[in-house]
Protein chains: 2
Amino acid sequence: MELQMATATHARRPSKNARRAAILEAAAQVFFEQGYAATSIDAIIKRLGGSKRTIYNEFGSKEGLFTALVSENAGTALSALAVDGLEGRSLSEVLLEFGRRLLAIYMSPGLIGVYRSIMPEAGRFPELAREFFEKGPGRASDRLAEVLEEARDRGEIELEDCRGAADHFVGMFRDNLHLQVVLGLRPPPSPPEAEAAVTSAVGIFLHGIYGVDREGRAKGQMSNG
Amino acid sequence: MELQMATATHARRPSKNARRAAILEAAAQVFFEQGYAATSIDAIIKRLGGSKRTIYNEFGSKEGLFTALVSENAGTALSALAVDGLEGRSLSEVLLEFGRRLLAIYMSPGLIGVYRSIMPEAGRFPELAREFFEKGPGRASDRLAEVLEEARDRGEIELEDCRGAADHFVGMFRDNLHLQVVLGLRPPPSPPEAEAAVTSAVGIFLHGIYGVDREGRAKGQMSNG
DNA sequence: CTTGACTGGTAATGTCCGTTACCTTACCGG
DNA sequence: CCGGTAAGGTAACGGACATTACCAGTCAAG
């Protein structure tokens, strides 16, 4: 007897979706804290309650659970990067907003966790690593490159390698601050710290250190005007 | 009977130092490939030959071996970052050379391996994570900040937050290219690719995308207000 | 040559873990 | 209220692994 469960939300049990989400949340806590290899299903069950059977029924294996977890988090992060309603504004405005969202995503527990846990497993899960990169940092760079190309088409900037520049911009948000957070050496930045980091990065990216603090200087317009 | 072994290099056996180095090299191959948690001492012995006893005699435990390995690699990387004979040159020359070395270090197998393997273990080895950061990216940023401050003192640039700018510069070399290499999605850059990345990053850092024309050269129409 | 300390090899020990077999329970339609 | 189905729970199985014993070989000193 196989009934399709797509349309009808029967909600017979605590909802298959809710159960699945609960598993993923508990799994995130343990996987992202301990890493894939050091995580045991028992440890997840200890946080989740219930039985291993539930996990194996839903995800099939430890690999399946980890894959689903990383995939889900990468996808969620991506959705926050949509550049909506920004195309009309100035390049500096767009970059600032883009930087804010990028930093927020990079500092979110989900992405920090994915970052930490996928690194040593990249060899074991090549497709997962590719998916993470393409959905996350790769897509961010793609979107930004488009923005830069549009600005170039409008004549705002003269830039040949928009893609490379976009990569550098994205990299500026995975700087030592990000690394310290990933390594657990300091907490994520407070909103003012984050805003300062974004402003600084955008300022350098637009004008360079020769231009920052000298010219029209984006800082004066943005912060504490 | 306890003889001091510090001064005299007796070289009775294949040299305690050589043995230690051999262990560390084999350990690097496995730890950096598989990650700490997924690495077994047996796997190291399979590459090294010999017996587990040797490892346990020298390093005491798996933790001790990993700690020594990471510590050693972080220290080695640091040594390559010394800015020698660069203080006389122009800021752009210094940044280019600094960037070249930084990129080379970041792309070296040792640092890539440390990067990959320390991430999920940062919670388990907080001191090791701190040592890695301070000896590696932290020190790089410190050194660069000094260079920038000297340039500021010479009046070449006007930059308030040299430390933040240095962090951004360092981050530009941990961009998506670096991430792809760490994730095993692409090989390290060829020398021309590396040089292009360095030139591009330095160009943006100095003049921003408003000032970059071709090949990272400045348009030169913006400063000197 | 003998002694002794150290290295190498094998295997044991105790534990942990992914996965599965089997039993128990709760919910569903009648 | 009752039986059936599927999920939850218990515990076992089989393997891996860090660490340690134990034995044999080896090199250096006496």
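This structure is a prediction, so every number in the text was calculated from the model and none was measured. In the text below, chain A, chain B and the rest are named by the order of the sequence lines, each starting its count at 1.
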Asks: Out of dG9(C), dA18(D), dT20(C), which nucleotide sits closest to the side chain of Y56(B)?
Replies: dA18(D)
Asks: Looking at N57(B), I'd like to know whether one of its side-chain N or O atoms comes within less than 4.0 Å of OP1 or OP2 on dT7(C).
Replies: yes
Asks: Do the rings of H178(B) and Y106(B) sit parallel, tilted or perpendicular, given the 30° and 60° boundaries?
Replies: tilted
Asks: Whole-Å distance between dG18(C) P and F59(A) CZ?
Replies: 15 Å
Asks: Calculate the interatomic distance between K46(A) atom NZ and dC17(C) atom C1'; express it in whole Å.
Replies: 13 Å
Asks: Counting side-chain heavy atoms from CB outward, which of dA18(D), dA21(C), dG18(C) is closest to K62(B)?
Replies: dA18(D)
Asks: In this structure, how many angstroms lie between the P atom of dT19(C) and the CD1 atom of I45(A), rounded?
Replies: 13 Å
Asks: Does S51(A) contact dG8(D) through a side-chain donor or acceptor facing the base, at a distance under 3.5 Å?
Replies: no
Asks: Let's see if you can work this out: which of dT19(D), dC17(D), dT19(C) has an atom nearest to the side-chain heavy atoms of S61(A)?
Replies: dT19(C)
Asks: Is there a donor on the side chain of K52(A) or the base of dT19(C) sitting less than 3.5 Å from an acceptor on the other?
Replies: yes
Asks: Just how far, in rounded Å, is P of dC23(D) from CZ of R53(B)?
Replies: 14 Å
Asks: What is the separation between atom CD1 on I23(A) and atom C1' on dA7(D), rounded to the nearest whole Å?
Replies: 12 Å
Asks: dG8(D) phosphate, OP1 or OP2: any side-chain N/O from R19(A) under 4.0 angstrom?
Replies: yes
Asks: Expressed in angstrom and rounded to an integer, what is the separation of F31(B) atom CZ from dC17(D) atom C1'?
Replies: 13 Å
Asks: Are any of the side-chain heavy atoms of F205(A) and H168(B) separated by less than 4.5 Å?
Replies: no
Asks: Can you tell me the distance, in whole Å, between the CD1 atom of I41(A) and the P atom of dC17(C)?
Replies: 10 Å
Asks: Write down the distance between CG (D42(B)) and P (dG9(C)), rounded to a whole number of angstrom.
Replies: 12 Å
Asks: Regarding K62(A) and the six-membered ring of Y36(A), is the cationic atom NZ or CZ under 6.0 Å from the ring centre and inside 45° of its axis?
Replies: yes
Asks: Please work out which of the three classes, parallel, tilted or perpendicular, describes the rings of F169(B) and F98(B), given edges at 30° and 60°.
Replies: tilted
Asks: Salt bridge between R174(A) and D175(B), side-chain N to carboxylate O under 4.0 Å?
Replies: no
